Amino acid sequence: MFRSKMFFVLALFTILLAGCTPLKTSNQSLPEQPKTINASYVSRPINVPSIVAQEKKLFESEFQKDGIEFKWHDISVPSNQLEALAAKSLDFANSLNYVSAILAKANGNDLKIVASYSRFPKGINLVVKTDGSVNTVADLKGKKIALQKGTMLHEMLIRALADVQLTTQDLELINMDSTAATAALAAGHVDATILPEPLLSKAVATGKIKKLNSAEGLIPGLAVIAVRSEFAQTQPELVKRYLNVHKASIDWSEANIEEALTMTAQKNQMDIKAVKALYPIFNFEMNLDEVKSDLLKSASFLQKEGMIRSDVDINKVINDLVDPSYLPTT
C-alpha cells in the first residue's frame, strides 16, 4: 500500500514538473527581423542597376512590406564600406571592389560575397600625361603614381609592372582616390594613375591625359555584392530577397534600356551619348561561376606580393568568402 502511494506521488510530481517546463517552439529560435536594412550606394562607374533601384525605390518598396526601413548610404570608397560593415552600420556593400573584399577577409573582417555586381576590365586604364615623359609601363621607373591602395587598381599596377620586371619599389606610390588622382595628374603633381570609367573618358577628353595600358588581361575588373556574415547567417531570407530585388533592377534596366541609361546619365551628370558608348563594356550578371577562381588567383598573387600574410590559408579564405547559396534560382 505504501509503495503504491509513493509511486502515485512520484508520478504526479513528474507530471507537474514536466508541465512547468516551457515547450520549445520553432518560433523561439528564429531571430528577430531588423528594423532597418543599410546598404551602400555607388552610382559610378556606370552602375545602372543601383541607379534604377534607387530612382524607382525598389528596395524600399520590397522591405516596407514587413515594416523594415531600407536606407541607402552613399559610400564609394571601398575602405569606408568595409569599415561600415565591420562596425555593423552597413549590412550590404552593394558594389565592392573585389581586391578590397579579399584583403578584408584575410585580415579578419567577416563578410560574404553573395553575388557578382559587375565586370568591366575594358573600363579601367593606366593613364599618363600627354607630354611624352612616359610612353611605356617601363618608363614608370622612378616616377610618381597615385591610386587607391588595396584595390583592384593597386593589383593592376603590380601586374603591369611585373610584366616589365618592375615592382612598386621602383617608383613612388601615393595613396589617393581616383578623383583626386585625376586632378593631381592633370596638374603635373604625379606622373600616372589608373582610372575607371567614367573618370577615364572624362580625363582623356581634356587632352592632358592619355591611355597607356588597359586592365584587360591583367585583372577581372570585378565588383561584388557583399554582406556581413552575421547578417547573412541570421537573416538568410532577407539576403535572398535583397538579391531578388537587385535582379529585378537588372531585368527592368534591360527591358527599358533607354530610360535606364537616361537615368544613369542624369545621375552621373554625363552626356547620354557617353553613357550609351560605355554601357556595353559592363557586364552586370550576378552569377558567381568564375568569381571564386578569379579571387583565388588574385589572393595567391597578393600573398606573393606580401599584401596577405604568408601564414594565411588563402583557399580557406576564398571558400569562406564566396557563397552562391543566396542567389536567385530563376
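What you are looking at is a predicted structure, and each value in this text was computed from that prediction instead of being measured.
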ask   = Among pairs that include at least one residue of residues 99-110, which meet side-chain hydrogen bond (donor to acceptor under 3.5 Å, both in side chains), considering only residues two or more places apart or in two chains?
value = Lys105-Asp110, Lys105-Asp320, Asp110-Ser229

task = Verify, without hydrogens or angle tests, whether Ser178 (side chain) and Leu147 (backbone) share a donor-acceptor contact under 3.5 angstrom.
result = no

request  = Determine, for Glu155 against Arg159, whether the closest basic-nitrogen to carboxylate-oxygen distance falls under 4.0 angstrom.
outcome  = yes

inquiry  = One pair to check against side-chain contact (heavy atoms from CB on, under 4.5 Å): Lys202 and Leu195. What are the steps and the verdict?
reply    = CA-CA 10 Å; Lys202 287 184 177 181; Leu195 297 178; over 6 Å; no

task = If the plane angle is over 60° it's perpendicular, under 30° parallel, otherwise tilted; pick one for Phe59 and Phe63.
result = parallel

message = Could you check whether any side-chain N or O of Asp139 sits under 3.5 Å from a backbone N or O of Thr136, counting only pairs where one atom can act as donor and the other as acceptor?
response = yes

ask   = Is there a chain of hydrophobic side chains (I, L, V, M, F, W, Y, each step under 4.5 Å between heavy atoms) that links Leu278 to Val127?
value = no

inquiry  = Contact between Lys88 and Glu230 at the side-chain level, heavy atoms closer than 4.5 Å - yes or no?
reply    = yes

ask   = So among Phe282, Tyr279, Tyr98, which one has a ring-ring contact (aromatic ring centres under 6.0 Å, His included) with Phe120?
value = Phe282

request  = Enter the distance from Thr182:OG1 to Ile209:CD1 here, rounded to the nearest 0.5 Å.
outcome  = 6.0 Å

query = Under a 4.5 Å side-chain heavy-atom rule over Ile, Leu, Val, Met, Phe, Trp and Tyr, are Val128 and Ile145 clustered together?
reply = yes

query = Below 4.5 Å, heavy atoms only, C-beta onward: do Asp91 and Pro34 meet side chain to side chain?
reply = no

query = If we only count heavy atoms from C-beta on, is the Leu222 to Leu295 side-chain gap below 4.5 Å?
reply = yes

message = Going by the rule side chain to side chain donor-acceptor pair (under 3.5 Å), which residues pair with Asp191 if we only count those two or more places apart in sequence or in a different chain?
response = none

message = I'd like to know if the side chain of Ser300 reaches the main chain of Lys297, judged simply by a donor and an acceptor atom lying under 3.5 Å from each other, with no hydrogens or angles considered.
response = no

inquiry  = Are the side chains of Gln33 and Leu238 in contact, using a 4.5 Å heavy-atom criterion?
reply    = yes

query = For Asn38, which of His73, Lys71, Glu69 qualifies under side-chain hydrogen bond (donor to acceptor under 3.5 Å, both in side chains)?
reply = His73

request  = Answer yes or no: is there a donor N or O on one side and an acceptor on the other, between the side chain of Asn80 and the main chain of Val77, under 3.5 Å?
outcome  = no

remark   = Checking Leu296, Asp294, Asp313, Ile113 against Ile318 for side chain to side chain contact (heavy atoms under 4.5 Å, CB included), the one that qualifies is Leu296

ask   = Do you reckon Val42 sits in the same ILVMFWY cluster as Leu243, going by side-chain contacts under 4.5 Å, direct or chained?
value = no

inquiry  = Any heavy-atom pair between the side chains of Lys57 and Gln64 that's under 4.5 Å?
reply    = no

key: Test item: Leu82 and Leu96 side chains (from C-beta on) under 4.5 Å apart, heavy atoms   = yes

request  = Describe, in one word, how the ring planes of Phe92 and Tyr242 are oriented to each other, choosing from parallel (under 30°), tilted (30 to 60°) and perpendicular (over 60°).
outcome  = parallel

key: Gap separating the CD atom of Glu237 from the CG atom of Asn244, nearest 0.5 angstrom   = 9.5 Å

task = Answer yes if the side chains of Asn256 and Lys56 hold a donor-acceptor pair under 3.5 Å, and no otherwise.
result = no

inquiry  = Regarding Lys273 and Asp271, does a basic nitrogen lie under 4.0 Å from an acidic carboxylate oxygen?
reply    = no

request  = Just jot down the side-chain contact (heavy atoms from CB on, under 4.5 Å) partners of Glu172, sequence neighbours excluded, or say none.
outcome  = Lys144, Ile174

inquiry  = Starting from Leu161, can I reach Met176 by hopping between I/L/V/M/F/W/Y residues whose side chains sit under 4.5 Å apart?
reply    = no

key: Flag side-chain contact, heavy atom, 4.5 Å: Thr36 against Ile68   = no

request  = Over 60° means perpendicular and under 30° means parallel, so classify the ring planes of Tyr117 and Phe284, tilted if in between.
outcome  = perpendicular

query = If you count the non-hydrogen atoms of other residues, nucleotides and ligands that lie under 6.0 Å from NZ in Lys208, is the total more than 12?
reply = no

Atom of Ala260, atom of Val52 and distance for their closest heavy-atom approach = CB-CG2, 3.9 Å

key: Residues which pass side chain to side chain donor-acceptor pair (under 3.5 Å) with Asp323, listed by chain and number, not counting sequence neighbours   = Ser325

query = For the atom pair CG (Leu261) and CD (Glu259), what is the distance rounded to the nearest 0.5 Å?
reply = 10.5 Å

ask   = Short question: side chain of Asn319, backbone of Lys316 - any donor-acceptor pair under 3.5 Å?
value = no

inquiry  = Quiz question: by atom type and distance under 3.5 Å, do the side chains of Asn94 and Ser50 form a donor-acceptor pair?
reply    = yes

query = Between Ser249 and His246, is there a donor-acceptor pair closer than 3.5 Å when you use the side chain of the first and the backbone of the second?
reply = yes

ask   = Roughly how far apart are Lys247 NZ and Trp252 CH2, rounded to 0.5 Å?
value = 15.5 Å

request  = With sequence neighbours left out, write down each residue that passes salt bridge (charged side-chain N to carboxylate O under 4.0 Å, His left out) with Lys149, or none if nothing qualifies.
outcome  = none

query = How many angstroms lie between atom CG of Leu140 and atom OG1 of Thr168, to the nearest 0.5 angstrom?
reply = 12.0 Å

ask   = Would you call Asp66 and Arg241 a salt bridge, using N to O less than 4.0 angstrom?
value = yes

query = After noting the C-alpha distance and the side-chain angles of Lys65 and Glu62, does the key distance pass the side-chain contact (heavy atoms from CB on, under 4.5 Å) rule?
reply = CA-CA 6 Å; Lys65 298 172 185 176; Glu62 172 62 25; 2.9 Å; yes

remark   = When rounded to the nearest 0.5 Å, the distance separating OG of Ser298 from CE of Met307 is 8.5 Å

query = Under 3.5 Å, side chain of Ser293 to main-chain N/O of Glu290, donor-acceptor pair present?
reply = yes

key: side-chain contact (heavy atoms from CB on, under 4.5 Å) evaluation trace for Met152 with Ile124   = CA-CA 10 Å; Met152 71 172 84; Ile124 304 169; 3.5 Å; yes

query = With no hydrogens and no angle check, is any side-chain donor or acceptor of Asn125 less than 3.5 Å from a backbone partner on Leu200?
reply = no

key: SB check Lys122 Glu197 (cutoff 4.0 Å)   = no

query = With a 4.5 Å heavy-atom cut-off, do Lys210 and Asn135 have their side chains touching?
reply = yes

task = Would you confirm whether Gln235, through its side chain, and Glu32, through its main-chain N or O, come within 3.5 Å as a donor-acceptor pair?
result = yes

remark   = With sequence neighbours left out, the residues meeting side-chain contact (heavy atoms from CB on, under 4.5 Å) with Asp163 are Leu218

message = Would Leu173 and His154 count as a side-chain contact (heavy atoms from CB on, under 4.5 Å) here? Give the steps.
response = CA-CA 10 Å; Leu173 185 58; His154 194 176; 3.6 Å; yes

inquiry  = When you compare the side chains of Ser95 and Tyr41, does any donor N or O come within less than 3.5 Å of an acceptor on the partner?
reply    = no

ask   = Taking the side chain from Thr151 and the backbone from Gln148, do they hold a donor-acceptor pair closer than 3.5 Å?
value = yes

